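Side-chain atoms are counted along with the backbone in the values below, which use heavy atoms only and exclude waters and symmetry mates. Just so you know, these numbers come straight off a predicted model, no measurement behind them.
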Amino acid sequence: MLKRTVITVGLGFLGGWVATLFSLPLAWMLGSLFMVMSLSLAGVKTGVDKRLHRTAIALLGLFIGSRIHADELAGLVFWYPSVLAMLVYMVLMLFGGYWIFNRANVGRMNAMFCSYPGSMNSALVLAERANGDLRWIAISHSLRLVTVVSGAAILASFFVNDVTLSGAPTSLTLIDSLPLLLAPLCWWLGRLLRVPLPEFLGPMAAGAIIANLGFETSLPTWIVLAAFLVLGASMGARFSGTQWSQVISMGRYGITFALFALVVAALMAWLVSSVTQLAFVAVLLALIPGGVGEMAVIAMVMDIDPVYVVSHHILRLLLLIFMTPLMVRIANAPIK
């Protein structure tokens, strides 16, 4: 796995470098993603060790947490309009996605899991416990993730002038090392407490704790960009071993659902931003069903409050986890 990981990350680096030449938004993540995905579908054996992938997620959580300050949390009380919009959006995604994937004849329960508007990993774990067909669910979510993440980054870039890691240093100081030392402990504690996405939320909590204790810490740019690179390569490698016939068979439904998700999210974000003081791009990133880490990264580099975006995604994830047993029973119930 080590050799395959090195090759995959190397290909991702090449894709990221090419993307920087064209000044694409989030070049190191999207360039890596498209390069590895294209070669995976062409038959190249790709893959990224799960431990490296989780480490990249942890670094991004740490990076985001280090920029969270307690006084920002006072804005929680003003976010209820977009929270309500997120609940309506989640219902629309579940019903709309179910209708779309039911046309693919993958079965009622598989159609339900294909339409999950959130974490791909969580959807696969829950589907496996319910004896779902992971093949179709994984393909549909991979297509959704690629389309939504790239679409969100490109769409949001039209509303933001500068997409950079502003204020990030280039070297690692002793003070900057404190979160790196505390992050593994918070990661382990998150797993112990069964917190969703402990590899992301644990280090994010570590960064936030240190930042609010008065320590000014920040990860060097090269570490953050390396995390972007690994994240993109990991998403692209999800297509390794996937046949074009499978992509074509499920692809039209997966991409249709992804475009449906983007269009509905944009409409609801416009509606919320029209009647409140919340920014359109912030609401858009809070609603769009990309991964929590990916959406938080896009928010961070576009100078949008990551707490706002992450809180909506975590709430949706928790609701989906609690709702799954009921939805599985409904999906398995005989049609009268």
(request) Applying side-chain contact (heavy atoms from CB on, under 4.5 Å), name anything that partners Ala299, two or more places apart in sequence or on another chain. (result) Leu285, Ile304, Val309

(message) Within this structure, what is the OG-NZ distance for the pair Ser234 and Lys50, rounded to the nearest 0.5 Å?
(response) 11.5 Å

For residues 255-270, which side-chain N or O atoms pair as donor and acceptor with protein atoms under 3.5 Å away, sequence neighbours left out?
residue	atom	partner	partner atom	Å
Thr256	OG1	Arg252	O	2.4

(message) Contact between Pro289 and Met90 at the side-chain level, heavy atoms closer than 4.5 Å - yes or no?
(response) no

(message) I want to check something: taking the side chain as every heavy atom from C-beta on, are Leu315 and Val83 in contact at a cut-off of under 4.5 Å?
(response) yes

(message) According to salt bridge (Lys or Arg N to Asp or Glu O under 4.0 Å), who are the partners of Arg51, at least two apart in sequence or on a separate chain?
(response) Asp49

(request) Report yes if some heavy atom in the side chain of Leu59 is under 4.5 Å from a heavy atom in the side chain of Val230; otherwise report no. (result) no

(message) I need the full list of ring-ring contact (aromatic ring centres under 6.0 Å, His included) pairs touching residues 281-318, with sequence neighbours left out, sorted by first then second residue.
(response) Trp79-Tyr308, Tyr308-His312

(request) Determine, using the 4.5 Å side-chain heavy-atom cutoff (strictly less than), whether Tyr89 and Leu271 are members of one ILVMFWY cluster. (result) yes

(request) Would you check if the distance from the ring center of Phe113 to the ring center of Tyr116 is below 6.0 Å? (result) yes

(message) Is there a path of hydrophobic side-chain contacts, each under 4.5 Å between heavy atoms, that joins Leu11 and Leu2?
(response) no

(request) Could you tell me whether the side chain of Ser115 and the main chain of Gly97 form a donor-acceptor pair under 3.5 Å? (result) no

(request) Just jot down the side chain to side chain donor-acceptor pair (under 3.5 Å) partners of Thr8, sequence neighbours excluded, or say none. (result) none

(message) To the closest 0.5 Å, what do you measure between NE2 (His53) and OG1 (Thr55)?
(response) 10.0 Å

(message) Do Val275 and Pro81 have side chains that approach each other closer than 4.5 Å (heavy atoms only, starting at C-beta)?
(response) no

Which atom pairs, donor and acceptor, lie under 3.5 Å between side-chain atoms of residues 29-39 and protein residues at least two apart or in another chain?
residue	atom	partner	partner atom	Å
Ser32	OG	Leu229	O	3.0
Ser32	OG	Ala233	N	3.0
Ser38	OG	Phe34	O	2.7

(message) When you compare the side chain of Ile288 with that of Met295, does any pair of heavy atoms fall below 4.5 Å?
(response) yes

(request) To the nearest 0.5 angstrom, please state how far the CG atom of Leu52 sits from the CD1 atom of Ile57. (result) 10.5 Å

(request) Return the minimal non-hydrogen interatomic distance between Pro203 and Pro198, and the atom names on each side. (result) CD-O, 3.4 Å

(request) Any chance you could measure Arg316, atom CZ, to Met323, atom CE, to the nearest 0.5 Å? (result) 12.0 Å

(request) Could you tell me the separation between the CZ atom of Arg103 and the OH atom of Tyr98, rounded to the nearest 0.5 Å? (result) 8.5 Å

(message) I'd like to know if Phe95 and Ile100 are part of one continuous hydrophobic network [Ile/Leu/Val/Met/Phe/Trp/Tyr, side-chain heavy atoms within less than 4.5 Å].
(response) no

(request) Could you tell me whether the side chain of Leu319 reaches within less than 4.5 Å of the side chain of Leu87, counting heavy atoms only? (result) yes

(request) Ignoring hydrogens and angles, tell me if any N or O in the side chain of Thr20 forms a donor-acceptor pair with the backbone of Trp17 under 3.5 Å. (result) yes

